[in-house]
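So the structure is just underneath, and the comments pick up after that.
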Number of protein chains: 2
Amino acid sequence: MTTTTDSERDLRILRLLWAPPDPPRKGPRPRIDREQVVAAGLELAAAEGLAALSMRRIAAHLSVGVATIYTHVPGREELLALMFDTLVGGAPPPAATGDWRQNVETWARADWELYRAAPWVTRLTSSALPGPNLLAWYDAALATLAGTGLDSHEMVAVVESVDGYVRGLAREVAAQPPPERAAAQAEAVASFVDLDRLPTLRAVARDGAIPGIGDHFEFGLQRLLDGVAALIAERAAGNLPRTRPSSAIYDAG
Amino acid sequence: MTTTTDSERDLRILRLLWAPPDPPRKGPRPRIDREQVVAAGLELAAAEGLAALSMRRIAAHLSVGVATIYTHVPGREELLALMFDTLVGGAPPPAATGDWRQNVETWARADWELYRAAPWVTRLTSSALPGPNLLAWYDAALATLAGTGLDSHEMVAVVESVDGYVRGLAREVAAQPPPERAAAQAEAVASFVDLDRLPTLRAVARDGAIPGIGDHFEFGLQRLLDGVAALIAERAAGNLPRTRPSSAIYDAG
DNA sequence: AGCTTACTCCGAACATCGTTCGGAGTAATG
DNA sequence: CATTACTCCGAACGATGTTCGGAGTAAGCT
C-alpha cells in the first residue's frame, strides 16, 4: 500500500508548511537556515528554471555540502512546496472593495503577473498542499465575492474557475518559445503542413491570427467575468440560489 | 548560445511529428517500430504516470535493450511529443453544426475527457510543438466558430481561452488526491489553521464548499461560454469588429 | 558470388540526479 | 566533565537520459 506512505508524506509537508521552525536547543549553531534554502531555491528557479534546480546546485549556492540541505528540508518536493507558499506570501492578497468585478480582475491580474514573473511555478507537479499563505490568499479571494448574492459553492466555483483559467493560460504562455524561435517553428511547420486540408486555419492565419502565439489572457478573463456577471445579475433578479448538503470538514478540529 | 541548439531540437521534433517514417533500405529488419515505442509509452504512462515512464522501462516492455529505443526515437522529449499527438489523433475532432455553443461545449468536454482519461498529459512540459493531429484539431475547433461574426483574432482567442481553461482545470483536478487522502489532508490542515483569521473560508466551509476539492469544470465552462455568447450577441447587434494588422506566417511556404 | 554499404541492436559507460548512512565535530544540559 | 542532541558532510546507492563503439545482418552493386 502506497496510500499510507503518501499520506505520511502529505502530513510531513503540511507540518513543514505550518509549523514554526523551532530553533535547536543543543549542538553547533546552524550555518544556514531553512529560509535561506528556500530563498536559494527561489533564486535558482527564477534564474534557470525548475529543471536546473537540483539539491546540489542549491548546496553549492550556499557553500555547503549536499547532505546539509537535508537537515533543513526533508526533500525536494517539500522544498518546492515551501518555495511556492513563500512566493504566494510575497504577493499582496486580494482586496475587497465594493465592486466585485474590479476586485476579481485585480487579483486575477496579480495572479497572472506572479506566473509571468515565475514561470517555473506553472511546472510544479505538487499536489498543491495548502500552506498558510495560499490559504490566506484563498480566504481573501473568496471575500472579494461577498455581497454578490452567490452561495458558498458558487463563490468557490468562481474562484477556482478563474484561478484555473489563469493557471492554464499562464502555463500555455510560459511554454511559448521566444519570438525568434517561434518564427523558426512557424516556418518549419509551414513547410510540412498542407494548408488545403486546414482551410479555417489558413483563413485565420491570413488575418495574422496565429494559434499558439500571443497572449489572450485579458480576452478570456473578460469573457469569464461577463459570464459571472450574468449569473450574479440572474441571482439579483430574484432567482433562488441553489442549496447543497453541508459538511464542514475544515471545522473538524 | 543555446538558441541554435534549441531551434535545432525544435526542427528535429517537428520533422519527427510530420515526416512519414521512411522504411530502411538496407540492414536487418527492425524488430520494433516507432509506433510500438509510442504505444508502449502510452501504455506505461496510462498505467503508472509520467514519472514512471523511463526509457529503460519502455525497452523492457518491448523486450529490447535500452539503446535500441534511440534508433527509433531521438530522445525522451521527442517521444512525449509523439505520444501527445497520437493521443490527440485518437479523439474525434470537433464537429461544426449550426449551433456554435453546442459545438464548443462538445469539443471542450471531449478535451476535458481526454485529460481525465490521461492525466499525465497535464504534466507535459513540452513547448507544445504542433503535430499534424493537433493542428487538425485546431482547424476543426476554429471551424466551430464560423458564422458567429467573430473576427479571426477573436476566434483564435476563444479557442485558446477555452482550451486554456480546460487544461488549467484538468491540471488542478488531476493534482487532487483520492478522497481518502484528501480527507486526511483536510483534517491535518484543520489542526494547524486558525480559522478565526480566515472568516470567509470558515463561512464557506460551513456550507460544505471545500476549496481544492470538487470539480467545477462545467460551472466555469458555462460562465465562459455565457461571456462568449454576450460578445457574439454584441457583434450581431451591429458593433464593428475590430481589425488588426495582417501577417500570414503560416503561408510562408 | 563477393564486396560494399547502410542499417539494427545493445553492452558498457558517463554524467547527473535525489537520497541515505555513518561518523566527526560542537555546544548546551545535567 | 560526561552526556546528549544537535549540525555538517564525504561517500555511496540506485536510478535516470544519453552516447559510443562494435557486432551482426541484409540489400544493392560490380
Side-chain angles (χ1 to χ4, degrees), chain A residues 5-6 8-9 12-13 16 21-38 40-41 44-45 48-83 120 123-126, chain B residues 2 5-6 8-9 12-13 16 21-37 40-41 44-45 48-83 120 123-126:
Chain A
T5 315
D6 282 349
E8 276 164 12
R9 189 174 189 84
R12 199 169 56 164
I13 299 184
L16 192 70
D22 40 72
R25 301 249 158 261
K26 291 189 184 179
R29 291 280 153 74
R31 295 184 19 192
I32 60 169
D33 226 341
R34 172 183 301 169
E35 215 173 314
Q36 282 174 277
V37 176
V38 173
L44 240 163
E48 312 193 42
L50 256 200
L53 185 123
S54 74
M55 301 304 258
R56 282 170 230 267
R57 306 257 310 231
I58 292 177
H61 193 277
L62 294 172
S63 305
V64 134
V66 206
T68 302
I69 301 294
Y70 286 85
T71 65
H72 296 94
V73 142
R76 189 175 191 263
E77 194 180 333
E78 288 86 346
L79 172 58
L80 293 176
L82 281 171
M83 285 166 58
W120 59 268
R123 305 295 185 191
L124 278 184
T125 278
S126 90
Chain B
T2 49
T5 316
D6 282 350
E8 276 165 13
R9 189 174 189 82
R12 198 170 54 165
I13 300 185
L16 192 70
D22 39 73
R25 302 247 157 261
K26 293 189 182 180
R29 292 280 154 76
R31 295 181 23 189
I32 60 169
D33 225 339
R34 173 183 302 168
E35 215 174 315
Q36 283 175 274
V37 175
L44 241 162
E48 312 194 41
L50 257 200
L53 185 124
S54 74
M55 302 303 259
R56 283 172 229 268
R57 306 257 310 230
I58 293 177
H61 192 276
L62 295 172
S63 305
V64 135
V66 205
T68 302
I69 301 295
Y70 287 85
T71 64
H72 295 96
V73 142
R76 188 175 192 264
E77 195 179 332
E78 289 86 347
L79 172 59
L80 292 175
L82 282 171
M83 284 166 58
W120 59 268
R123 304 294 184 193
L124 279 184
T125 278
S126 92

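Treat the numbers as computed from the prediction; the structure is a model and nothing was measured. Every heavy atom of this structure was used, including side-chain atoms; hydrogens, water molecules and symmetry mates were not. Naming: A, B, ... by sequence-line order, numbering from 1 per chain.
Contact annotation: the side chain of B:R76 approaches that of B:L53 to within less than 4.5 Å [non-hydrogen atoms, C-beta and beyond]. Using a 4.5 Å cut-off on side-chain heavy atoms (C-beta onward), A:I58 and A:V64 make no contact. Using a 4.5 Å heavy-atom cutoff, the side chains of B:L16 and B:R34 are in contact. In this structure, B:L124 and B:L50 have side chains that are in contact, with non-hydrogen atoms separated by less than 4.5 Å.
When each of C:dG18, D:dG24, D:dG17 is scored by its nearest atom to the side-chain atoms of A:Y70, the top-ranked nucleotide is C:dG18. Of the candidates C:dG25, C:dG11, C:dC17, the closest approach to any side-chain atom of A:P28 belongs to C:dG25. For A:R9, the side-chain atoms get nearest to C:dT19 when compared with the rest of D:dT18, C:dC9, C:dT19. Among C:dT19, C:dT20, C:dC9, the nucleotide with an atom closest to any side-chain atom of B:I32 is C:dC9.
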Could you spell out the base pairing of DNA chain C as a dot-bracket line? Use Watson-Crick and G-U wobble contacts where both distances are under 3.5 Å, [ ] for crossing pairs, | for partners on a different strand. ||||||||||||||||||||||||||||||
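Remark: B:H72 is in phosphate contact with C:dC9, judged by side-chain N or O atoms under 4.0 Å from OP1 or OP2. Checking the phosphate oxygens (OP1, OP2) of D:dT7, no side-chain nitrogen or oxygen of A:T68 falls inside 4.0 Å. Residue A:T71 has no polar side-chain atom (N or O) positioned under 4.0 Å from OP1 or OP2 of D:dT7. For C:dC7, the OP1/OP2 oxygens have no side-chain nitrogen or oxygen of B:R29 closer than 4.0 Å.
Nearest heavy atom pair, residue A:G75 against residue A:M55, reads C-CE, 3.9 Å. Minimum heavy-atom separation, A:M83 to A:A45: CE-CB, 3.9 Å.
Without hydrogens or angle criteria, B:R12 side chain to B:E78 main chain gives no donor-acceptor distance under 3.5 Å. At least one donor-acceptor pair closer than 3.5 Å links the side chain of A:H72 to the backbone N or O of A:I32.
Between B:K26 and A:R31, the residue whose closest nucleotide on DNA chain D is further toward the 5' end is A:R31. Along DNA chain D, the nucleotide nearest B:R25 and the nucleotide nearest B:A51 are compared for position; the residue whose nucleotide lies closer to the 5' end is B:A51.
D:dC8 atom P lies 10 Å from atom CG of A:D33, rounded to whole Å. Straight-line distance from the CD1 atom of B:I58 to the P atom of D:dT16: 11 Å, rounded to whole Å. Counting to the nearest Å, the C1' atom of C:dC17 and the CG atom of A:L50 are 14 Å from each other. Separating the CG atom of A:L62 from the P atom of D:dC8 is a distance of 11 Å, rounded to the nearest angstrom. Here D:dG17 presents its P atom at 11 Å from CZ of B:R57, a figure rounded to the nearest Å. Between the CD atom of B:E48 and the P atom of D:dT16 there is a distance of 11 Å, rounded to whole Å. Remark: P of C:dA13 and CE of B:M55 are 21 Å apart, rounded to the nearest angstrom. In this structure, the CD1 atom of B:I69 is 9 Å from the P atom of C:dC10, given to the nearest Å.
At a non-hydrogen distance threshold of 4.0 Å, B:G75, B:R76 from residues 75-83 of chain B come into contact with DNA chain D.
Residue B:H61 holds its NE2 atom at 11.0 Å from CD1 of B:I69, rounded to the nearest 0.5 Å.
Counting atom types as modelled, B:R56 pairs a side-chain N or O with a base atom of D:dG17 as donor and acceptor under 3.5 Å.
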Could you give me the CA-CA distance, side-chain angles and deciding distance for B:T125 and B:L80, then say whether side-chain contact (heavy atoms from CB on, under 4.5 Å) is met? CA-CA 9 Å; B:T125 278; B:L80 292 175; over 6 Å; no
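Within the nucleic acid shown, B:G27 comes within 4.0 Å of at least one base atom, counting heavy atoms only.
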